[in-house]
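Encoded as structure tokens, the structure appears first; notes follow it.
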Amino acid sequence: MKKLLMLAGLLAFSASTLGNTTMPVDADNFYQSDSVTVERVSFDNQYQMEVVGNLVVPNNLDRSVSSPAIIVGHPMGAVKEQSSMLYAQKLAEQGLVTLAIDLPFWGESEGQPRNLVAPELYADAFSAAVNYLGTQSFIDPGRIGVLGICGSGGFAISAAKIDPRLKAIATVSMYDMGAVTRNGLEHSQTLEQRAALLEDAAEQRYSEFTSGESQFLGYLPAQLDENADPVTREFWEFYRTERGIHIPEGQTLQLTQNRMLTSEVRFMNFYPFNNIETISPRPLLFVTGDQAHSREFSEAAYAQAGEPKELYWVEGAGHVDLYDRVDLIPFDKLTSFFQDNLEE
């Protein structure tokens with residue numbers, strides 16, 4: 001029971017309406033473009049683990065000329081087929097080469113146990129992707145940018161702080177997974193709740209050591225409880241419905257999105273916005289919905305970042321709306337940001 005109370009503390013958030021439970025008419029997570037070519041690629045990170053991604057190239061790209069490229073990171077707990085490939089294709093339609101990657105321990109990328117929380121390895125995956133792109137004959141290694149969606153926004157920033165090869169950094173519906181784990185949304189979690197979560201995780205490590213069995217947090221159940229809080233409902237309506245469901249090979253519906261208790265607490269030590277100002281003078285763009293429950297993280301990052309920086313509001317958009325709602329996602333804004341800042 002104590003574990004459930006701690007989980008509730010992480011998700012606590014006051015919202016006035018839940019919105020329509022039907023799939024929005026402009027939701028198109030599984031969009032497939034006929035003007036780009038998608039190639040599955042793989043490369044090793046610095047830990048000698050295979051990272052898998054989809055390289056998306058415009059069909060009319062002149063490969064005799066070095067082009068810029070954008071790495072696209074998926075939401076936390078998702079895989080590249082959820083939101084990332086939509087963005088990768090839409091940006092490629094505008095002439096940008098993109099690479100949507102699966103973070104280590106997720107999707108097709110290597111890493112055991114599955115769904116492990118490992119912020120340092122997540123950040124390193126973006127640098128590994130730079131290695132891959134920067135050694136391709138048709139990519140200019142001096143013009144590589146990154147786009148992080150949800151949790152990958154924080155991981156991309158973490159990578160950019162120590163990898164100056166990432167020349168332009170954009171985030172969409174960014175989550176600071178460290179802050180939300182320590183404090184809850186809008187600082188709704190108490191210090192006592194934080195301490196209890198750490199105690200539970202520490203005790204569970206004994207159980208895992210002796211039994212070899214892990215305890216997964218049930219952030220997203222297979223069936224939604226009628227009393228579910230608004231944030232859980234918002235994620236559930238994407239990840240547990242035809243709108244965005246994707247079950248990687250060897251996984252189960254129940255384990256997609258969910259993480260081990262003993263693994264989750266690693267986020268307590270994750271501070272992606274510390275020293276974010278050192279990314280300057282490389283440009284930062286933070287895109288968030290003005291109705292998003294996660295807007296606090298983009299606001300915090302923007303406040304601490306150095307110039308040049310921009311906080312771009314999408315009117316009427318919630319957090320998950322910017323995963324797949326093509327009439328709300330500002331693809332033109334993202335395209336111009338990367339084109340303008342990755343010029344020769």
Can you find a pair of side-chain heavy atoms, one from [X] and one from [Y], that are under 4.5 Å apart?
X	Y	result
R233	L224	yes
V117	M177	no
R295	W313	yes
T171	F297	no
L255	F216	yes
L322	Y87	yes
P330	Y312	yes
Y219	R259	yes

- Full working for side chain to side chain contact (heavy atoms under 4.5 Å, CB included) between T256 and R240: CA-CA 9 Å; T256 59; R240 293 290 185 259; 2.9 Å; yes

- Task: Find out whether the Lys NZ or Arg CZ of R182 is both under 6.0 angstrom from the six-membered ring centre of Y271 and within 45° of the ring's axis.
- Result: yes

- Determine, for F286 and K309, whether the Lys NZ or Arg CZ falls below 6.0 Å from the six-membered ring centre while staying within 45 degrees of the axis. no

- Sole residue of H293, H319, E296 in side chain to side chain donor-acceptor pair (under 3.5 Å) with Y175: H293

Say whether, by atom type as modelled, one donor and one acceptor occur between the side chain of [X] and the main chain of [Y] under 3.5 angstrom.
X	Y	result
Q48	D44	no
S280	E277	no
Q257	M76	yes
S66	D140	no
D102	E108	yes
N341	F337	yes
E208	S214	no
Q82	G244	yes
S158	P272	no
N258	G218	no

- Item | The single option from V146, L342, L133 passing side chain to side chain contact (heavy atoms under 4.5 Å, CB included) against I70 | L342

Closest approach of [X] to [Y] (non-hydrogen atoms, all atoms of both residues):
X	Y	answer
N183	R194	OD1-NH2, 2.9 Å
K80	I101	CB-O, 3.8 Å
S173	G318	OG-O, 4.4 Å
V265	L197	CG1-CG, 4.2 Å

Roughly how far apart are [X] [atom1] and [Y] [atom2], rounded to 0.5 Å?
X	Y	atom1	atom2	value
E93	T335	CD	OG1	9.5 Å
N275	I162	CG	CD1	11.5 Å
E39	L99	CD	CG	10.0 Å
K90	Y31	NZ	OH	4.0 Å
M260	E213	CE	CD	13.0 Å
M85	S33	CE	OG	9.5 Å

Under 3.5 Å, is there a donor-acceptor pair between the [X] and [Y] side chains?
X	Y	value
N115	Q251	yes
Q215	S207	no
N59	S35	no
S42	E50	yes

- Task: Could you tell me whether F105 and Y122 have their ring centroids closer than 6.0 angstrom?
- Result: no

- Task: Take I245 and L253 through the side chain to side chain contact (heavy atoms under 4.5 Å, CB included) test and state the conclusion after the steps.
- Result: CA-CA 9 Å; I245 189 171; L253 175 65; 3.4 Å; yes

- Can we say R266 and E120 salt-bridge, meaning some charged N sits less than 4.0 Å from an Asp/Glu carboxylate O? no

- Item | Same cluster (ILVMFWY, side-chain, under 4.5 Å), F126 and V52 | no

- Hey, mind stepping through Y132 and L55 against side chain to side chain contact (heavy atoms under 4.5 Å, CB included) and telling me if it holds? CA-CA 11 Å; Y132 171 80; L55 183 66; 4.0 Å; yes

Considering residues, nucleotides and ligands other than [X], do more than 12 of their heavy atoms fall under 6.0 Å from its [atom1]?
X	atom1	result
Q112	CD	yes
E307	CD	yes
D332	CG	no

